[in-house]
*Asks:* 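The structure under discussion is supplied below as structure tokens; questions concerning it will follow.
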Protein chains: 2
Amino acid sequence: MNGDHMNRPLTFIIADDHALVREGLKMLISTMDNMSVVAEAADGEALLAQVAKTRADLLILDLGMPGVAGIQFISDIRELVPRLKIVVLTANIEPRTVRAALEAGASGYLTKDGDPEELGEAIEAVRKGGTYLARTVRFAISEPSRNSRPSAAADILSPVPLTRREREILALVAQGLTAREIAERLGISPLTARKHRENLMGKLNLHSAAELTAYAVRLGLPTA
Amino acid sequence: MNGDHMNRPLTFIIADDHALVREGLKMLISTMDNMSVVAEAADGEALLAQVAKTRADLLILDLGMPGVAGIQFISDIRELVPRLKIVVLTANIEPRTVRAALEAGASGYLTKDGDPEELGEAIEAVRKGGTYLARTVRFAISEPSRNSRPSAAADILSPVPLTRREREILALVAQGLTAREIAERLGISPLTARKHRENLMGKLNLHSAAELTAYAVRLGLPTA
DNA sequence: GAAAACATACGACAGATGCCGTATTTGGAA
DNA sequence: TTCCAAATACGGCATCTGTCGTATGTTTTC
């Protein structure tokens, strides 16, 4: 047909714990030229297996999946398979998260409440080596400083690197566990668990377990 | 029998705040015979408008939508338009919620992580006047009493009616507000706010603000 | 009109939390 | 090797929370 390069189709891995969303994505992609979904995954473990097994070009990743402990997962995959581009698909529109995802190596950031057409635009942009941001979060990246209310929140709007342990703690807090219970679960001192939590709240500028919980849930951490 | 279903197509309203899920649903439905989606809505207000305007047969309702304050919404719509059957589509698999949805008048309960084929099965069952439960929640309705561990949870697994005020409090707790802040917000005594919260936790068998928050978020209440 | 449910309000007490420190060990980066 | 960040651990103190009471006015329902 065209005098372009080879017609090698662009291959996708779809990672989302909701079968319906996977189905929707597959159908959307199947309507596009020269694209094919070569793997699906409903949780982090399955995803890693698929990433290792297949040699896909693009991963569409739901940050809210079980076993996908947020942003860290992106860097991990980028490190494992650098050629695999990652487009994040999530309900989370926090500037913090958007920036963190990009810094971790995501090539695109789509939101679940966005226009489905954005998927095509994102794929196009990413294939060309660019980066794509959903319209709903495009503001997140521009002018991080110009805040109508330059509140205390301003200084943590920059991507906050959480340590692995802190992520672990965050997930447990999100499940409603008390410091003591977390300590038991992890086999550490309750005081240490408390300290981790304190550090978390400091980094995130949150001030109660409830706020932490809300944050964790919005991040897509499992809540039960 | 009625030869009713020969010509007239079954009409749908799809209510979900995620465009992608709506798209997936539309595509799935479009592959079925004699079915058509006549309206979509991304929030509660738009949904009510569509419900009033169109005369659809079946509503596929995401309980997690903004402006859809949970189960109550189902009874409201059932009351407004009794002929409109409702199939709930949500990520929430709590037995409590499943039962409450059915009691409120839902004809079906699908989960987002379920098999997409269930949608077809549900539609079929509901059209015949029956009720459909996703496989992932079918356990929820069977034998509420026979519990392997007859824990204290047993007696609140039945649908818990929350008062208006309690819902209000729940939403504020979910936002990470302290009892005092809630009191200020509502212009009542901090002690009263605490009492409401106690009652809530009692009804829901939860034991911390974090658990309450997680619950509220899963219910689809706004968290920020 | 009586009964029930709801919203309001207060108090006591144990325990947990939020916030402020300090300090040791360890593993990886400079 | 040196240095730093991370993970570990402890304590004090004011506050908040969870759980238990009790009580009164108002609204809804029967």
Side-chain angles (χ1 to χ4, degrees), chain A residues 69-72 75-76 79 100 103 152-153 155-156 158-216, chain B residues 69 72 75 79 151-153 155-156 158-216:
Chain A
I71 308 295
Q72 182 60 41
S75 345
D76 291 350
E79 214 168 306
E103 294 219 346
D155 53 342
I156 25 89
S158 58
V160 189
L162 297 186
T163 70
R164 205 171 305 170
R165 200 51 152 179
E166 283 168 345
R167 268 169 219 293
E168 222 173 335
I169 303 276
L170 181 57
L172 295 173
V173 169
Q175 287 170 50
L177 296 193
T178 174
R180 177 167 300 166
E181 292 166 325
I182 292 174
E184 280 171 24
R185 191 76 73 93
L186 298 179
I188 61 179
S189 156
L191 293 162
T192 305
R194 277 185 57 178
K195 174 55 77 182
H196 282 306
R197 192 204 327 233
E198 282 178 36
N199 293 339
L200 264 175
M201 292 195 289
K203 282 186 180 179
L204 301 171
N205 196 32
L206 304 174
H207 304 278
S208 74
E211 280 181 294
L212 254 191
T213 306
Y215 177 82
Chain B
Q72 182 59 41
S75 346
E79 214 167 306
S151 67
D155 52 342
I156 24 88
S158 59
V160 190
L162 297 187
T163 70
R164 205 172 306 170
R165 200 53 152 176
E166 283 168 346
R167 265 169 220 293
E168 222 173 334
I169 304 275
L170 181 57
L172 294 173
V173 169
Q175 287 170 50
L177 296 193
T178 175
R180 179 167 300 165
E181 292 167 326
I182 292 173
E184 279 170 25
R185 190 78 71 95
L186 298 178
I188 61 179
S189 156
L191 294 162
T192 304
R194 279 186 57 176
K195 174 55 78 181
H196 282 306
R197 183 184 1 210
E198 278 180 41
N199 294 337
L200 263 175
M201 290 195 290
K203 282 186 180 179
L204 301 172
N205 196 32
L206 304 174
H207 303 278
S208 73
E211 281 182 293
L212 255 190
T213 305
Y215 177 82

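Per chain, numbering begins at 1; letters A, B, ... match sequence-line order. Owing to the predicted nature of the structure, the values given are computational and were not obtained by experimental measurement.
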*Asks:* Closest nucleotide of DNA chain D for B/R197 versus for A/H196: which of these residues is on the 5' side?
*Replies:*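 Result: A/H196.
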*Asks:* Closest approach to the side chain of B/M201, judged atom by atom: which nucleotide of C/dG18, D/dG18, D/dC10 is it?
*Replies:*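 From the listed options, D/dG18 comes nearest.
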*Asks:* Measuring from the side chain of A/A209 (C-beta onward, heavy atoms only), which nucleotide among C/dG18, D/dT17, C/dC10 has the closest atom?
*Replies:*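 The closest nucleotide is C/dG18.
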*Asks:* Could you tell me whether A/T192 contacts a base, only the sugar-phosphate backbone, or nothing, with contacts defined as non-hydrogen atoms closer than 4.0 Å?
*Replies:*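 Base contact - A/T192 has a heavy atom under 4.0 Å of at least one base atom.
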*Asks:* Among C/dA9, D/dA7, C/dC19, find the nucleotide with the atom closest to the side chain of A/R165.
*Replies:*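 From the listed options, D/dA7 comes nearest.
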*Asks:* Measure CG/B/L191 against P/C/dC10 and give the value in whole Å, please.
*Replies:*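 After rounding, the reported distance stands at 6 Å.
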*Asks:* Rounded to the nearest Å, what distance is computed from the CG atom of residue A/L172 to the P atom of nucleotide D/dA7?
*Replies:*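 Those two atoms, CG and P, are 14 Å apart.
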*Asks:* Through what angle, rounded to 10 degrees, does the axis of the helix from C/dG1-D/dC30 to C/dA30-D/dT1 turn between its ends, using five pairs per end?
*Replies:*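 Comparing the axis at each end, I get an angle of 60°.
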*Asks:* Output the distance between atom OG1 (B/T192) and atom CD1 (B/I182), rounded to the nearest 0.5 Å.
*Replies:*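 It comes to 12.0 Å.
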*Asks:* Atom CD1 of A/I169 and atom P of D/dA6: how far apart are they, to the nearest Å?
*Replies:*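 Going from CD1 in A/I169 over to P in D/dA6 covers 14 Å.
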*Asks:* To the nearest angstrom, how far is B/R164 atom CZ from C/dC6 atom P?
*Replies:*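 B/R164 atom CZ is separated from C/dC6 atom P by 11 Å.
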*Asks:* Can you name the nearest heavy-atom pair linking B/P190 to B/R180, along with the distance?
*Replies:*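 Answer, listing the atom of B/P190 first, then B/R180: CB-CA, 4.4 Å.
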*Asks:* To the nearest 0.5 Å, what is the distance between CD on A/E198 and CG on A/L191?
*Replies:*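 One gets 9.5 Å once the value is rounded to the nearest 0.5 Å.
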*Asks:* Taking only the side-chain nitrogens and oxygens of B/T178, find out if one of them lies under 4.0 Å from OP1 or OP2 of D/dT17.
*Replies:*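 Checking B/T178 against D/dT17: at least one side-chain N or O falls below 4.0 Å of OP1 or OP2.
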*Asks:* Would you say C/dC19 has OP1 or OP2 under 4.0 Å from some side-chain N or O of A/H207?
*Replies:*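 Checking A/H207 against C/dC19: at least one side-chain N or O falls below 4.0 Å of OP1 or OP2.
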*Asks:* Starting at atom CG of A/L212, determine the distance to atom C1' of C/dG18, rounded to an integer number of angstrom.
*Replies:*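 Going from CG in A/L212 over to C1' in C/dG18 covers 11 Å.
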*Asks:* So which of residues 180-188 of chain A are in contact with DNA chain C, with a heavy-atom cut-off of under 4.0 Å?
*Replies:*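 Going residue by residue through residues 180-188 of chain A, the ones with a heavy atom under 4.0 Å of DNA chain C turn out to be A/R180.
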*Asks:* Walk along nucleotides 20-30 of chain D from 5' to 3' and tag each nucleotide B, S or - by protein heavy-atom contact under 4.0 Å, base first, then sugar-phosphate.
*Replies:* BBB--------
*Asks:* Take the protein atom CG of B/L206 and the nucleotide atom P of D/dT17, then report the distance between them rounded to whole Å.
*Replies:*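 Roughly 16 Å, once rounded to whole Å.
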*Asks:* Can you tell me how far the CD1 atom of B/I169 sits from the CZ atom of B/R194, to the nearest 0.5 Å?
*Replies:*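 The distance works out to 13.0 Å.
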*Asks:* I need the minimum non-hydrogen distance between A/L212 and A/R197, along with the two atoms involved.
*Replies:*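 Heavy atoms only, the tightest pair is CD1-CG, 3.7 Å.
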*Asks:* Please test B/L186 against B/L172 for side chain to side chain contact (heavy atoms under 4.5 Å, CB included), starting from the C-alpha separation and ending with a verdict.
*Replies:* CA-CA 10 Å; B/L186 298 178; B/L172 294 173; 4.0 Å; yes
*Asks:* When the nearest nucleotide of DNA chain D is assigned to B/A210 and to A/S189 on a heavy-atom basis, which residue is associated with the more 5' position?
*Replies:*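 Its nearest nucleotide being more 5', the pick is A/S189.
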*Asks:* Do you know the tightest heavy-atom contact between A/T213 and A/V173?
*Replies:*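 The pair with the smallest heavy-atom distance is OG1-O, 3.7 Å.
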*Asks:* Passes side chain to side chain contact (heavy atoms under 4.5 Å, CB included), B/R165 versus B/I188? Steps please.
*Replies:* CA-CA 12 Å; B/R165 200 53 152 176; B/I188 61 179; 3.4 Å; yes
*Asks:* In whole angstrom, what separates A/E211's CD from D/dT17's P?
*Replies:*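 For the pair A/E211 CD and D/dT17 P, the rounded distance is 11 Å.
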*Asks:* In the structure I gave you, are the side-chain heavy atoms of B/N199 and B/K195 within less than 4.5 Å of one another anywhere?
*Replies:*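 The answer is yes, as the side chains (C-beta and beyond) meet within the 4.5 Å cut-off.
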*Asks:* Check B/E211 against B/H207 and note the closest heavy-atom contact, atom names and distance.
*Replies:*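 Taking B/E211 first and B/H207 second, the nearest heavy atoms are OE1-N, 2.9 Å.
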